[in-house]
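The next block holds one structure in the form of structure tokens; read it before the comments.
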Amino acid sequence: MSETIIIDTDPGQDDAVAILLAVAACEQLALACVTTVAGNVPVAQTTANALRVLDLAGRADIPVYRGAERPLIVALETAEFVCGPDGLDGSGLPPPSREADAGHAVDAIIRRLRAAADGLTLCPLGPLTNLALAFRLAPDILPKIRRIVLMGGAIGLGNITPAAEFNMHVDPHAAAIVFDCGRPIIMMGLGVTLKAIATHEQIAGFATLGTAAGRSIHGMLTRPRPGSLGTVGHPMHDPCVIAYLLWPELFSGRDCHVAIATEDGPMRGRTTIDWNGRLKRPANAHVIAEVEAHELFERVTRLIATLP
Ligand code: RIB
Ligand code: CA
């Protein structure tokens, strides 16, 4: 029985690899649609990028819905200094072959959850604006959410600021709404994604697959980076979300209370993770802290090899 998912995304090179991985895992995952949000780059570009990546995978049949232009309250901050002007530096991908599907991403999330007899899993890979809007507009959809597996937050240091990880920093108010929704959340924060670093040999392995997907991933992972957020190598943050759905045995963590700092200032977007249960508050997320990185990339490469 495959798990039906919606990927909400701000491509971004690591989002692109996550989407490719989900499409390659079509026996275990049914990708119902992709919804886009402003984050790494503005939403017009994240939408074009999602379409470009699905073209690469030969899956132009998967609907893409354009979403929020900006966070709920704060001004949009993007990260072209990390991912390049179009957000997919190094991918070598042509412009998209099609337009996004009609309708807003938030309406698509609501519509598809309402219609899902067995529920859906939400996989947000960017700022949580679309999910927060959907939860506020249509709270009746919450019981239809099987689980939320997200990339965001940090147990320790942030990346875009010392306190916060980028997705949480960009829209902290949306993050607070999502972490308060009461549905099962698996949180892939920097504490684990910064351990998901492919070795040089594994990165080189993508180029030797002899496929367009392998070449594009190799180009994204070996591009000279205009800027970094202090990380070594090319961390594959977002693919950890899809990998968790496929191979949860490669990950470990614990149930914790997670609070999101929404006030403006140096702490904005901070995920305070009560790892040792000191606050005596109910856990609202399963926070992942460890990953078997080498095995992860061995399996990712094998799955990506099945793409054209
Ligand atoms: O902080 C890393 C996260 O922010 C990743 O999802 C990356 O794609 C950006 O969205
Ligand atoms: Ca992302």
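Being a predicted model, the structure only gives us computed values, none of them experimental. Numbering of ligands and ligand atoms starts at 1, following listing order.
Per-residue contacts place Phe166 under 4.0 angstrom from the following atoms of ligand 1 (heavy atoms of the residue considered): 1 (O), 4 (O), 9 (C), 10 (O). For ligand 1 and Met151, the ligand atoms under 4.0 Å from any heavy atom of the residue are 2 (C), 3 (C), 5 (C), 6 (O). Near Glu165, with a cut-off below 4.0 Å to any heavy atom, the atoms of ligand 1 are 1 (O), 2 (C), 3 (C), 4 (O). For ligand 1, the atoms lying closer than 4.0 Å to a non-hydrogen atom of Asp14 are 5 (C), 6 (O), 7 (C), 8 (O).
Considering backbone and side-chain atoms alike, His237 places every N or O at 3.5 Å or more from each N or O of ligand 1.
Looking only at side-chain heavy atoms (C-beta outward), Cys181 and Ile148 come within less than 4.5 Å of each other. The closest side-chain heavy-atom distance from Val287 to Arg254 is not below 4.5 Å. Val178 is listed as a side-chain neighbour of Ile185, based on a closest heavy-atom distance under 4.5 Å.
Contact between Ala105 and Gly67 at its shortest, heavy atoms only, is CB-CA, 3.4 Å.
Contacts between Leu125 and ligand 1, counted as non-hydrogen atom pairs separated by less than 4.0 Å, involve the backbone only. Only the side chain of Asp15 comes within 4.0 Å of ligand 1, counting heavy atoms alone; its backbone N, CA, C and O stay farther away.
Coordination check, Asp238 versus the Ca ion (ligand 2): passed, since an N/O/S atom of the residue sits under 3.0 Å. Counting backbone and side-chain atoms alike, Ala18 contributes no N/O/S atom closer than 3.0 Å to the Ca ion (ligand 2).
A cation-pi arrangement is absent between Arg112 and Tyr65 under the rule of less than 6.0 angstrom and at most 45 degrees off the ring axis.
Glu3 and Gln28 share no donor-acceptor pair across their side chains, judged by distance under 3.5 Å alone.
The Ca ion (ligand 2) lies at the vertex of an angle of 90° between the OD1 atom of Asp15 and the OD1 atom of Asp10 (rounded to 10°).
The CG atom of Leu31 sits 5.0 Å away from atom CD1 of Ile7, with the distance rounded to the nearest 0.5 Å.
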